[in-house]
Amino acid sequence: MVKNNAEVTATHWIDQHAAALSEWTSEIWHRGETAWREYESAAWYVQRLRAEGFEVEEGSGGMPTAFAACWTHGRGGPVIATYAEYDAVPGNCQAAGTEKQPRSGLNEHAGGHTDPHSALGTSALGGLLATKAAMQAHDIPGTLKFFGEPAEKVRGSKPIHAAKGFYDGLDAMISFHPCYMLPLCNTVNWDTHCGAAYAMVYRFVCDAPETWLKRADGTPIPQAHSAVRAPGANDALFYMYNASKALRDSMLPHMGGWSISEAILTAGQATADNLPARIAEIQYIIRVPTVELAEQATLILDRNAASRLAHCRVERIWVSKSRPGLANYVMADLVYDKLAAVGAPKWGEKAKAIAREIQSNLGLQPMAEPFLLDCETLIAPQEAERILRRDLPPSQVNYTSDDYTDMCWHTPTARLYIARPMLNGPAGFAYPDWVLNALGGIPETIDPMVICASKTIAHSMLEILQNAEARAAAMKEFEERTGGGVGGTKWIPPLADYEAPIGLRWPEYVTTVRGREWWIPTAGY
């Protein structure tokens, strides 16, 4: 059959370009750029896609490190999409080696890939380009779209892309992510997709500290060294921080797998004078199953931020409003069938030797089979669902968080998970975080995942392009679940009624007279 020949062509393309895919993955991994500041990584993708013949819109949706790429072959045909993420995580800088140490020239506070999104993006790119090669070789009509999605760690870009219409008119979407929890490993999501997420920054500003107390008669200097000082922005931030910690149990029900995390973005000005901090910012991210629960938590956070005790005003800046995910059995079955045909990733002796060296460096007895058995084992979506649901209440529809969920409301979407390299260990032993981060940057250990994911994505996209019956069935299910498709009675519209928060003081690399460095100075300064 033609489609089998097309899949053979795609497989051959990936095998032929395995070395390039490995190099690309390492290149993005070593950049380690964090949310809203992935300038070099985004530019790399734009250049690569244009070299491959794609039309690319840079800065899509008003986001400088986002892009939207498109390529069409022939006339008509379906429109299929996938995407890259490439943001790293601050405080996770790790070398691609077998011991804990930061990448050369940086400190441990710099960005590093944890999931790793570096391999997520190049896996999707490999699948995309292999699909393109097969479409050309076998004259398969259709359009491929590829989105550059920055700031996933704060659920940043996809709600904005969705609200601005970038996902409109798609026939299908393939979402890929390296395995980040069991049993979602070498499988596809079935019913329980990721939940909603809200993220925001509260900014406290002390505009007029001199008006905290009435100036003493005859005192010409409002902020004299002996005067009582206004509490200021840092105090306001910590009032909110402490109040929100204390009230978390009253924000959400004691069930449902929710979390609220915070991070301080700015903390006033460094000063030894008798002046209060004039500005301070704290970010919250709320991960919950439903939009209703996100709204409930936001209401309490707003109340906590509204305190005037510190003589400050407060601003709320939205970072994300992300919808919960939507299942599609037809898409899940289709993609899992392709994964089963490709087979789970396999790790060779070179990768095992590296894993054993890590074990030895941690004082463990090296294992003959150092990788988890799950890494090389497929699990059917229905079985993964059964295991996942064991600890969840029956009423809970969604669990954990990722903003691919916004795509689910615009087109039938499959969520694919392939095993990243994960190590086996003695009972009760937990590997430190740097181990997973390092394994994501070592070619011998991360490449098997990239190759497996690329082939599965390519075969899935080719099936969707050529199988009108499957497309129709997936769309019919999408319309049933949304009550009529986009705009239907059960459809949740985009929530992003804000612009990308690119002007906040997000962690980033800076260039000084000392060269390129992370914004937190190296030890010794």
Quiz item: Under 4.0 Å between a Lys/Arg side-chain N and an Asp/Glu carboxylate O for R323 and D406?
Solution: yes
Quiz item: Between Y167 and W409, is the gap from one ring center to the other below 6.0 Å?
Solution: no
Quiz item: Any ion pair linking R31 and E38 (charged N to carboxylate O, less than 4.0 Å)?
Solution: no
Quiz item: Are Y431 and F429 close enough that their ring centers fall under 6.0 Å?
Solution: yes
Quiz item: What closest approach, in Å, do I446 and P421 show between heavy atoms, and which atom pair accounts for it?
Solution: CD1-CD, 3.8 Å
Quiz item: How many angstroms lie between CG in L436 and OG1 in T114, if you round to the nearest 0.5 Å?
Solution: 9.0 Å
Quiz item: Do R103 and E108 meet the salt-bridge criterion of a basic N to acidic O distance under 4.0 Å?
Solution: no
Quiz item: So H311 and W212, would you call those rings parallel, tilted or perpendicular, with 30° and 60° as cut-offs?
Solution: perpendicular
Quiz item: Hey, is R389 close enough to D191 for a salt bridge, meaning N to O under 4.0 Å?
Solution: no
Exercise. List the atom of A496, the atom of A163, and the distance in Å for their closest heavy-atom pair.
Key: O-CB, 3.6 Å
Exercise. Assess whether side-chain contact (heavy atoms from CB on, under 4.5 Å) is satisfied between S244 and M251, documenting all intermediate values.
Key: CA-CA 9 Å; S244 299; M251 290 185 190; 4.0 Å; yes
Quiz item: What heavy-atom pair brings S320 and P159 nearest, and what distance separates the two atoms?
Solution: OG-CG, 3.9 Å
Exercise. Take S60 and H161 through the side-chain hydrogen bond (donor to acceptor under 3.5 Å, both in side chains) test and state the conclusion after the steps.
Key: CA-CA 8 Å; S60 53; H161 268 152; 2.7 Å; yes
Practice problem: Measure the CG-CZ distance between L237 and R203 for me, rounded to the nearest 0.5 Å. | Solution: 12.5 Å
Quiz item: Under 3.5 Å, side chain of W258 to main-chain N/O of T400, donor-acceptor pair present?
Solution: no
Exercise. Using atom types as modelled and distance alone, determine if a side-chain donor or acceptor of T25 lies under 3.5 Å from a backbone N or O of A119.
Key: no
Quiz prompt | Nearest heavy atoms of C408 and F478, plus distance in Å | solution = O-CE1, 3.2 Å
Practice problem: Is it possible for you to check whether R313 lies under 6.0 Å from the centre of the six-membered ring of F204, through NZ or CZ, and within 45° of that ring's axis? | Solution: no
Quiz item: Any side-chain heavy atom of N328 sitting closer than 4.5 Å to one from L326?
Solution: no
Quiz prompt | E508 versus Y39, side-chain donor and acceptor atoms under 3.5 Å | solution = no
Exercise. Return yes when atom CZ of F238 has more than 12 non-hydrogen atoms of other residues, nucleotides or ligands closer than 6.0 Å, and no otherwise.
Key: no
Quiz item: Would L362 and V435 satisfy side-chain contact (heavy atoms from CB on, under 4.5 Å), going step by step from the backbone distance to the final call?
Solution: CA-CA 10 Å; L362 289 172; V435 173; 3.9 Å; yes
Quiz item: Is the ring centre of Y86 less than 6.0 Å from the ring centre of Y45?
Solution: yes
Quiz prompt | Parallel, tilted or perpendicular: ring planes of H177 versus Y417, cut at 30 and 60 degrees | solution = tilted
Exercise. Start with the C-alpha distance between F166 and F147, add both sets of side-chain angles, then the distance that settles side-chain contact (heavy atoms from CB on, under 4.5 Å), and finish with yes or no.
Key: CA-CA 9 Å; F166 283 88; F147 298 102; 4.0 Å; yes
Quiz prompt | Donor-acceptor contact present, side-chain E33 to main-chain S41, <3.5 Å | solution = yes
Quiz item: Is the number of heavy atoms from other residues, nucleotides or ligands under 6.0 Å of E315 CD greater than 12?
Solution: yes
Exercise. Answer yes or no: is there an ion pair linking R50 with E58, defined by an N-O contact shorter than 4.0 Å?
Key: yes
Quiz item: Could E149 and R155 be called an ion pair, given the rule that one side-chain N must be under 4.0 Å from one carboxylate O?
Solution: no
Practice problem: Can you see which heavy atom on T192 is nearest to which on L388, and at what distance? | Solution: CB-CD2, 3.8 Å
Quiz item: Where do P507 and W518 come nearest, in terms of heavy atoms and distance?
Solution: CB-CZ2, 3.6 Å
Exercise. Determine, step by step, whether Y404 and R415 satisfy the side-chain contact (heavy atoms from CB on, under 4.5 Å) criterion, reporting the C-alpha distance in whole Å, the side-chain angles of both residues, the deciding distance to 0.1 Å, and the verdict.
Key: CA-CA 8 Å; Y404 80 91; R415 175 69 160 179; 3.4 Å; yes
